[in-house]
2 protein chains.
Amino acid sequence: MVGIKDVARRAGVSIGTVSNVVNRPHMVSASTRARVLSAIQELGYVRDESARQLRAGRSRIMALLVLDLGNPFFVDIARGAEETAQDEGLHVITCDSGHQADREVSYLSMLAEQRVRGVLLSPVDTSGAALATFRRSEIPYVFVDRRVPADEASSVSVDDVTGGALAARHLVETGHTEIAFVNGPSILAQCRDREAGVRSVLNACAARLSVLETSELDVASGRDAASRLLGMSPRPTAVFCANDLLALGVLQGMVAAGVRVPDELAIVGYDDIEFAGAAAVPLTSVRQPARRLGRAAAELLIAETGDGDSDEPVERQTVVFEPELVVRASTSLTRSG
Amino acid sequence: MVGIKDVARRAGVSIGTVSNVVNRPHMVSASTRARVLSAIQELGYVRDESARQLRAGRSRIMALLVLDLGNPFFVDIARGAEETAQDEGLHVITCDSGHQADREVSYLSMLAEQRVRGVLLSPVDTSGAALATFRRSEIPYVFVDRRVPADEASSVSVDDVTGGALAARHLVETGHTEIAFVNGPSILAQCRDREAGVRSVLNACAARLSVLETSELDVASGRDAASRLLGMSPRPTAVFCANDLLALGVLQGMVAAGVRVPDELAIVGYDDIEFAGAAAVPLTSVRQPARRLGRAAAELLIAETGDGDSDEPVERQTVVFEPELVVRASTSLTRSG
DNA sequence: TCATCGGTGTGAAACGATTCATGAGTCAAC
DNA sequence: GTTGACTCATGAATCGTTTCACACCGATGA
């Protein structure tokens, strides 16, 4: 593989000069520069980032480690992060832990070995066992879609308690008193918070709440939940799902079972992914500003890693966005039900 | 940041010994090994992959560069690739070109600088302008979801001509004679092939075909196409879309306009993403084995990069999977239409 | 004529790991 | 007591860059 010294030889200059041509062209006379550039062209020289990084001690890559790329919510976060990174001349690599703690650990250790500039992290494991070892690497990280105390790290999240409350209030206001909450694994803070929001509203009124916990936050789990809901008596008249994938699964199960939505069962999802609006019955959902989440997280991380020229420690920030309820057909009675 | 020499000093051994403990533990006596390991623990040493890679000349990372992570089809490909990579002790990083040639170029040059082990590539640009410079880096690559001549590179794809024909035949067989094909940008080989498949069937029978080309392969473009379809006269009775995102958009537009599906308009999608089955009207779709695609591509790449120990050039392979039609409600008349 | 100075280019010292030839020590066999 | 074989550990060379102190050169000013 052709290296800088091959270029130097070809152009008849020293390797230092080649490096200057590449990194500080103004320090090199026009004629030399032209000679070096054409040598680079002819040889097809591509600079070796690992050598560069070894010398520099820092990488130009930031990582985004998400819970589930199958969830378009996280894809939107990735898009937001990439937008910001691109503005700063950084690259983003996206890793998918698939909700598995061991994969999270494996990715984190790889990222530490790569000495990435920083990590945007949407962690599986709240206990921090995975993070405990990573933290020693001193690579900065920012939590995404998870609020943590500011002394631990910066974080960008959406107020899930409010989100849960929004959904619950909407169901109460549309007259439901028998409500189910299909929640994901309670190990996830998002799930616990959404449930807390739901309870805060329902405890204050006459509605009855049943909570069904699923093992995953995906469509298949939603279908499972649907069959469990069908077996309940009295059967709830409304169901709120911890995310849109669950809601789509529940909807699918209900449609298959001939249950009319929203007449016999109202459904509210969470995230407002693009597919929510295109569902069998367009889903009412709690919208999260995913792209802005990604942008903000990347900005915080960049601020934290700084340009390395100032020594003052950047203070950590906790950014919390507000969710928004989007009402669609899945909770709006159109015919007399 | 703590390096191998800090560990060596702490454990009272040479750096070579520390390296041996990490990479060939059996070559080190038990007592020394224990001493070194505890030094590593205490100091929180994390080996620097860039130094390692600089020495080794090769990376342990393979890249997957896809057209659009917002399309679950590509997420499934990523999952498949990761499964295979994990078995080989490699890591996958996923990059999203978002159908933009300039981002593709930018990612490719980053990957070349990183000296990744190889790239699984689902390219925007068929002309190969982006690839032309990348090819000089001599980093192996395998095409995913795009067939190319075997002398150019290995490739793993699905027979899109057959896929298009499957969809068209299904529509003809269910009695349609006025058929629209909502296609993505014809710059994409997949789109051209699917159209060819459609034409091969429709030319042989009495059906009439109109082709609508969209600028993107996403839900929003599908909605646009829907409004164009609504304005046509005679209005087609069936529409085949080049992927499920387009189909979902068309479906959404039709439902919003009060057009009954499938009674007034039958719809067929492509890819059979998970959301197709959960749509407003469950979509008939042409299924592609995305995960197997990813797995196969990763396997080919790994075979190609080899273990570096043998010099015989691995011959390139062209793997082609067969698509499969999945019939659902969007093309099955249930009431008298 | 001599010091100074900006503009260019050089060469060597890092960066942090891996690897390999070599050496030091131990033990068994002759 | 010498030899050979074997086990462990060492130290230096190496990977491909960047960076920095220094050298060179022609021009300018005193």
Side-chain angles (χ1 to χ4, degrees), chain A residues 1-37 39-40 43-61 109-110 112-116 137-139 308-309, chain B residues 1-37 39-40 43-61 109-110 112-116 137-139 308-309:
Chain A
M1 178 144 290
V2 30
I4 200 174
K5 77 176 59 136
D6 303 299
V7 175
R9 190 161 352 133
R10 173 83 158 223
V13 297
S14 72
I15 59 176
T17 300
V18 176
S19 177
N20 280 335
V21 168
V22 174
N23 301 299
R24 306 118 99 164
H26 60 278
M27 299 213 57
V28 180
S29 72
S31 67
T32 316
R33 195 181 334 143
R35 205 147 30 94
V36 171
L37 285 175
I40 287 178
L43 270 48
Y45 166 70
V46 177
R47 126 183 107 184
D48 185 327
E49 180 66 22
S50 59
R52 182 178 163 75
Q53 175 178 331
L54 171 59
R55 183 65 227 261
R58 67 187 338 212
S59 153
R60 306 198 57 73
I61 293 183
S109 77
M110 164 187 101
E113 292 185 354
Q114 294 288 339
R115 302 285 194 271
V116 294
S137 74
E138 293 178 17
I139 292 177
D309 50 2
Chain B
M1 177 143 289
V2 29
I4 200 174
K5 74 177 61 137
D6 303 298
V7 174
R9 189 160 351 128
R10 172 84 157 221
V13 297
S14 73
I15 59 173
T17 301
V18 176
S19 176
N20 281 334
V21 168
V22 173
N23 300 299
R24 307 118 97 166
H26 61 280
M27 299 213 58
V28 181
S29 72
S31 67
T32 316
R33 198 187 324 148
R35 207 148 27 94
V36 170
L37 285 175
I40 287 177
L43 270 51
Y45 166 70
V46 177
R47 125 184 109 184
D48 185 325
E49 180 66 22
S50 59
R52 182 178 163 74
Q53 176 177 331
L54 171 58
R55 184 63 227 261
R58 67 187 337 211
S59 153
R60 307 200 58 72
I61 292 182
S109 78
M110 165 189 100
E113 292 185 354
Q114 295 287 338
R115 303 283 195 270
V116 294
S137 74
E138 292 178 19
I139 291 177
D309 49 2

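Chain letters run A, B, ... following the sequence lines, proteins first and then strands; every chain starts at 1.
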Could you grab the distance from atom [atom1] of [X] to atom [atom2] of [Y], nearest 0.5 Å is fine?
X	Y	atom1	atom2	value
Arg47(A)	Arg52(A)	CZ	CZ	3.5 Å
Thr17(A)	Arg33(A)	OG1	CZ	12.5 Å
Asp48(B)	Ser59(A)	CG	OG	10.5 Å

Separation of [X] atom [atom1] from [N] atom [atom2], in whole Å?
X	N	atom1	atom2	result
Lys5(B)	dA12(D)	NZ	P	13 Å
Glu49(A)	dT17(D)	CD	P	11 Å
Met1(B)	dG16(C)	CE	P	10 Å
Arg58(A)	dC15(C)	CZ	P	17 Å
Asn20(A)	dC20(D)	CG	P	11 Å
Ile4(A)	dT14(D)	CD1	P	19 Å
Tyr45(A)	dG16(D)	OH	C1'	7 Å
Arg52(A)	dA14(C)	CZ	C1'	16 Å

Subject >> Whether over 12 other heavy atoms sit under 6.0 Å from Met1(A) CE >> reply: yes

Once you apply a heavy-atom cut-off of 4.0 Å, does [X] come out as touching a base, just sugar-phosphate, or nothing?
X	value
Ser19(B)	base
Gly3(A)	sugar-phosphate
Ser29(B)	sugar-phosphate
Thr32(A)	sugar-phosphate

Original post:
So, is Thr17(A) close to the dG9(C) phosphate, meaning a side-chain N or O under 4.0 Å from OP1 or OP2?
Top reply: no

Of the nucleotides [options], which one has an atom closest to the side chain of [X]?
X	options	value
Arg115(B)	dT17(D), dT19(D), dT10(D)	dT17(D)
Asn23(A)	dT10(D), dG16(D), dT18(D)	dT18(D)
Ala51(B)	dT18(D), dA17(C), dT19(C)	dA17(C)

**OP:** Please confirm whether any donor atom in the side chain of Arg55(A) sits under 3.5 Å from an acceptor in the base of dT17(D), or the reverse.
**Re:** no

**OP:** Report the residue (Val46(A) or Ser14(B)) whose heavy-atom-nearest nucleotide on DNA chain D is the more 5′ of the two.
**Re:** Ser14(B)

**OP:** Dump the intermediate steps for side chain to side chain contact (heavy atoms under 4.5 Å, CB included) on Glu49(A) and Ile61(A), then the final yes or no.
**Re:** CA-CA 11 Å; Glu49(A) 180 66 22; Ile61(A) 293 183; over 6 Å; no

Original post:
Does Val13(A) or Leu54(B) map to a spot on DNA chain C nearer the 5' end, using the closest nucleotide for each?
Top reply: Val13(A)

